[in-house]
Amino acid sequence: MKNTIMGLLLLALSLIGLVGAAPSYYEVGDSDGWTTTVGADYYKSWSSSKTFCVGDSLIFQYNKTLHNVMEVSSQDFESCNPNFPLNTYQSQYEPVVLNRTGHFYFICGVPGHCESGQKLDVLVMSADTPINQPNNASSSCSKPNPPPQPTEDPLQVLPVDDETIATLPYNAASSPCVWTGLSMLSFVLLITLVSV
Ligand SMILES: *[C@@H]1O[C@H](CO)[C@@H](O)[C@H](O)[C@H]1NC(C)=O
Ligand SMILES: *[C@@H]1O[C@H](CO)[C@@H](O)[C@H](O)[C@H]1NC(C)=O
Ligand SMILES: *[C@@H]1O[C@H](CO)[C@@H](O)[C@H](O)[C@H]1NC(C)=O
């Protein structure tokens with residue numbers, strides 16, 4: 001009985017945590033990180049499988065002695081030209097905040113790396129654009145109850161993968177009634193747990 005209560009409590013808490021998880025952090029390339037060894041179209045398919053919203057952050061993970069991150073114009077992205085970066089990032093622990101809508105273009109400025117596929121084009125949606133995701137999970141960038149910025153090491157904040165998102169009752173949980181219900185539920189469960 002206690003295990004069941006504990007399980008329900010964890011489920012309720014994690015639902016609240018995931019649904020309200022805004023802004024999102026995305027580890028570029030997932031566990032492969034930011035590198036040249038993943039193939040020419042790897043980052044293209046990585047970014048096309050995600051929905052990026054204003055305020056979300058990218059976290060580039062790479063070996064600093066081998067790679068860097070430059071935000072460049074679309075022209076310099078196409079031609080792999082590292083000579084006119086709009087922004088250069090060298091600390092892989094610093095999230096790159098997607099602070100506007102539209103395309104962000106990133107390349108590695110080390111000669112040959114962009115050409116071999118170390119380039120990333122991210123399209124950022126505005127906070128109120130409805131988006132139809134590939135899995136038909138109707139979604140939008142409007143995020144209910146955004147919590148404060150996480151204070152822990154951003155590298156520890158794992159991105160929420162599509163499978164997890166698909167299992168979430170996202171629309172239902174977005175409504176204030178369900179939201180309040182979930183909060184009440186976890187509160188009641190907490191009280192129950194404490195008194196068992
Ligand atoms: C980074 O790359 C350099 C050069 O290949 C290597 O000596 C070093 O061990 C690497 N560092 C890490 C943390 O992998
Ligand atoms: C977004 O952040 C970058 C890097 O800090 C900065 O250069 C740029 O001006 C910011 N853009 C907006 C619209 O705030
Ligand atoms: C998503 O929607 C399209 C068009 O409405 C439909 O053809 C497709 O089967 C749906 N895919 C899933 C996974 O439900």
Side-chain angles (χ1 to χ4, degrees), residues 18 20-133 139-162 165:
L18 287 173
S24 302
Y25 288 81
Y26 294 96
E27 199 178 315
V28 174
D30 299 323
S31 56
D32 290 306
W34 180 237
T35 182
T36 50
T37 58
V38 287
D41 289 323
Y42 184 82
Y43 295 108
K44 193 183 279 182
S45 39
W46 180 84
S47 65
S48 65
S49 71
K50 312 239 172 335
T51 302
F52 301 97
C53 304
V54 172
D56 288 349
S57 293
L58 300 177
I59 295 161
F60 291 86
Q61 295 215 69
Y62 53 92
N63 184 331
K64 277 203 276 192
T65 62
L66 302 177
H67 305 291
N68 62 31
V69 179
M70 288 179 175
E71 186 192 343
V72 296
S73 67
S74 65
Q75 276 179 326
D76 289 344
F77 178 80
E78 292 307 329
S79 59
C80 284
N81 180 359
N83 296 324
F84 308 103
L86 308 174
N87 283 297
T88 302
Y89 302 93
Q90 269 150 348
S91 162
Q92 65 265 53
Y93 298 108
E94 189 184 336
V96 175
V97 182
L98 302 170
N99 57 2
R100 58 166 173 78
T101 56
H103 286 270
F104 281 75
Y105 299 97
F106 299 97
I107 64 172
C108 176
V110 175
H113 288 195
C114 172
E115 287 84 349
S116 69
Q118 199 175 10
K119 57 195 299 196
L120 174 68
D121 170 2
V122 161
L123 177 59
V124 179
M125 304 291 175
S126 91
D128 31 55
T129 312
I131 298 146
N132 288 317
Q133 291 190 328
S139 177
S140 86
C141 287
S142 330
K143 287 167 180 168
N145 296 340
Q149 288 271 351
T151 52
E152 64 260 64
D153 180 350
L155 291 175
Q156 300 303 316
V157 181
L158 295 175
V160 180
D161 63 40
D162 291 340
I165 290 170

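Order of listing sets the numbers, starting from 1, for every ligand and every atom in it. In this chain, numbering begins with 1 at the start of the sequence shown. Heavy atoms only: backbone and side chains are in, while hydrogens, waters and symmetry mates are out.
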- request: Measure up the Tyr26 and Phe52 rings against each other and bin them: parallel (under 30°), tilted (30 to 60°), perpendicular (over 60°).
  value: perpendicular

### Query
Do the ring planes of Phe60 and Trp34 sit parallel (below 30°), tilted (30 to 60°) or perpendicular (above 60°)?
perpendicular

query = Any sub-3.5 Å donor-acceptor pair from Asn63's side-chain atoms to Thr65's backbone N or O?
reply = yes

**Report entry** Exam field: side chain Asp56 to backbone Ser24, donor-acceptor pair closer than 3.5 Å
**Finding:** yes

Output for pair (Thr51 OG1, Leu123 CG), nearest 0.5 Å, gives 9.5 Å

For ligand 2, protein residues within the heavy-atom limit of under 4.0 Å are Asn87, Tyr89, Asn99

Ligand 1 atoms nearer than 4.0 angstrom to some heavy atom of Leu66 are 2 (O), 4 (C), 5 (O)

Here the salt bridge (charged side-chain N to carboxylate O under 4.0 Å, His left out) pairs for residues 65-77, sequence neighbours left out, are Glu71-Arg100

